[in-house]
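Notes for the one structure printed next.
Letters go in sequence order (proteins before strands), and every chain restarts at 1.
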Amino acid sequence: MKWIDHKTLIELCPPAELNFAECLQFLNRSDQEVLHQISDNYLYKLIKVNDKRILIKIGSTADSIRVEFPLIAPTTNEREEVAAYVWEWFNLNEDLKTFYLMARQDYVLKNIVDNYYGLRMICIPDLFEALTWAIIGQQINLTFAYKLKKRFVEQYGESLSFEGETFWLFPSYEKIAMIDVEDLRKLQFTARKAEYMIGVAKAMTAGELSKEMLLQIQDYEPMKKKLMAIRGIGAWSADYVLMKCLQHPLAFPIADVGLHNALKVQLGLERKPGIEEIEGLAKNWEGWQAYATFYLWRSLYDKAI
DNA sequence: GGCCAGGGCATCT
DNA sequence: AGATGCCATGGC
């Protein structure tokens with residue numbers, strides 16, 4: 001991580017392949033989002049560092065990302081934690097040069113990759129949030145999924161108000177470990193999904209599951225296996241978490257319907273491609289499956305806008 | 001208003 | 001192992 005501590009603000013020095021505006025556009029894709037807010041090209045988010053709620057305001061210059069603290073001045077140690085958080089959130093450790101080299105020559109990706117140059121994988125650093133959002137995302141439609149997430153966060157998360165806006169933290173697993181399936185049923189979660197979410201929360205509270213534990217495994221297949229051992233986490237959810245939280249470049253939710261729709265559009269097909277067909281196309285993406293998927297997902301939002 | 005949609009699991013054969 | 005039912009809202 002390359003960064004400069006200016007005390008009242010911090011400055012991240014990201015790799016060249018970053019387009020902050022492109023990332024903001026992605027973050028702005030749902031108007032139901034409660035975990036961050038965007039206004040005037042600034043991104044606001046409440047995060048928790050050492051049990052302290054810190055509101056951060058993120059903007060950009062030509063070659064850096066600047067993080068300000070509208071409410072309270074964090075300590076030296078906290079500033080470093082904030083820097084690390086933002087660095088991870090925007091996946092700034094990844095060097096995208098070889099991805100672009102591959103994508104520009106790829107039959108599928110060449111038509112879209114330049115449209116989103118500098119878009120980074122926008123991550124979900126908190127494992128509980130990533131697992132929970134994967135479970136919610138199994139919902140039949142995305143509109144309803146966002147609705148459920150909003151209710152969940154506003155019911156069980158901590159918040160903080162600033163200039164008339166309310167900023168939310170994702171609920172902690174300790175808190176969710178103590179609630180009942182019935183509590184989530186009231187928010188219109190299905191009994192199944194409520195069980196999955198509370199189960200994950202309990203496992204994490206008991207110390208049976210953690211991000212560190214998963215990251216230690218390193219290799220893609222065993223990590224995925226470990227995730228799939230969790231009730232409610234199937235192949236799709238495991239790959240989703242590997243991609244968005246554990247930042248594994250090989251994560252590839254091949255059965256994802258969004259991916260299928262994006263490929264259908266890119267290839268000009270009458271119907272969605274089959275798994276074998278996708279496997280064929282993806283041979284060329286080896287090592288960059290997660291980014292290929294992410295950029296294809298991104299291509300779907302253009303139609304909606 | 002009827003039908004279909006996304007994923008995962010439970011319950012069959 | 002592979003097929004089938006279940007969930008339960010939103011968009012067409």
All N/O donor-acceptor pairs, side-chain side in residues 242-255 of chain A, below 3.5 Å, sequence neighbours left out:
{"from": "A:K244", "atom 1": "NZ", "to": "A:I122", "atom 2": "O", "distance (Å)": "2.8"}
{"from": "A:Q247", "atom 1": "OE1", "to": "A:N91", "atom 2": "ND2", "distance (Å)": "3.1"}
{"from": "A:Q247", "atom 1": "NE2", "to": "A:E88", "atom 2": "O", "distance (Å)": "2.9"}
{"from": "A:H248", "atom 1": "ND1", "to": "A:L250", "atom 2": "N", "distance (Å)": "3.2"}
{"from": "A:H248", "atom 1": "NE2", "to": "A:Q218", "atom 2": "O", "distance (Å)": "3.1"}

Side-chain donor-acceptor distances from residues 108-119 of chain A under 3.5 Å, at least two apart:
{"from": "A:D114", "atom 1": "OD1", "to": "A:R104", "atom 2": "NE", "distance (Å)": "2.9"}
{"from": "A:D114", "atom 1": "OD1", "to": "A:R104", "atom 2": "NH2", "distance (Å)": "3.0"}
{"from": "A:Y116", "atom 1": "OH", "to": "A:D302", "atom 2": "OD2", "distance (Å)": "2.3"}

Return all side-chain donor-acceptor pairs below 3.5 angstrom for residues 161-170 of chain A, not counting sequence neighbours, or 'none' if the list is empty.
{"from": "A:S161", "atom 1": "OG", "to": "A:T166", "atom 2": "OG1", "distance (Å)": "3.4"}

Please tabulate, for side-chain N and O atoms in residues 273-285 of chain A, each donor-acceptor pair with protein atoms closer than 3.5 Å (sequence neighbours left out).
{"from": "A:N284", "atom 1": "ND2", "to": "A:D106", "atom 2": "OD1", "distance (Å)": "2.6"}
{"from": "A:W285", "atom 1": "NE1", "to": "A:D106", "atom 2": "OD1", "distance (Å)": "3.1"}
{"from": "A:W285", "atom 1": "NE1", "to": "A:D106", "atom 2": "OD2", "distance (Å)": "3.0"}

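Chain A approaches DNA chain B within less than 4.0 angstrom (heavy atoms of the protein), and the contacting nucleotides run 5' to 3' from B:dA5 to B:dA10.
One P atom belongs to B:dA5, the other to C:dT4, and the distance between them is 15 Å to the nearest Å.
Residues A:Y301 and A:N28 bring no donor and acceptor atom of their side chains to less than 3.5 Å of each other.
Heavy atoms of A:L259 sit nowhere under 4.0 angstrom from any nucleic acid atom.
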Going through the checks in order, is the side-chain contact (heavy atoms from CB on, under 4.5 Å) test met by A:D256 and A:Y240?
CA-CA 10 Å; A:D256 179 81; A:Y240 185 82; over 6 Å; no

Go through A:E270 and A:K264 one step at a time and tell me if the side-chain contact (heavy atoms from CB on, under 4.5 Å) criterion holds.
CA-CA 7 Å; A:E270 291 290 316; A:K264 180 183 162 202; over 6 Å; no

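Contact check of residues 231-255 of chain A against DNA chain C (heavy atom, cut-off under 4.0 Å) returns no residues at all. Contacts between residues 125-136 of chain A and DNA chain B, defined by a heavy-atom separation below 4.0 Å, involve no residue at all.
Listed by chain and residue number, A:Q188 satisfy the side chain to side chain donor-acceptor pair (under 3.5 Å) test with A:R151 (two or more places apart in sequence, or in another chain). For A:Y156, the ring pair (Phe, Tyr, Trp, His ring centres under 6.0 Å) partners are A:F152, not counting sequence neighbours.
Pairs of Watson-Crick or G-U wobble type, with distances under 3.5 Å, assemble into runs of 3 or more in DNA chain C at these ranges: B:2-5 with C:9-12, B:7-13 with C:1-7.
The residues A:E94 and A:R120 are annotated as not salt-bridged, no charged nitrogen and carboxylate oxygen being separated by less than 4.0 angstrom.
Within 6.0 Å of the CD atom in A:E154, the count of heavy atoms belonging to other residues, nucleotides or ligands exceeds 12.
The aromatic rings of A:F128 and A:Y173 lie perpendicular to each other, with more than 60° between the two planes, well past the 30° mark.
Heavy atoms only, all atoms of each residue included: A:A194 and A:V181 are closest at CB-CG1, 3.8 Å. Minimum heavy-atom separation, A:T143 to A:Q32: O-NE2, 3.5 Å.
Contacts classified as side-chain hydrogen bond (donor to acceptor under 3.5 Å, both in side chains) and involving residues 63-73 of chain A (residues at least two apart or in different chains) are given here: A:E11-A:S64, A:T61-A:S64.
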Protein-to-nucleotide contact annotation, 5' to 3' order, nucleotides 5-12 of chain C [B base; S sugar-phosphate only; - none; under 4.0 Å, heavy atom]:
--SBBSS-

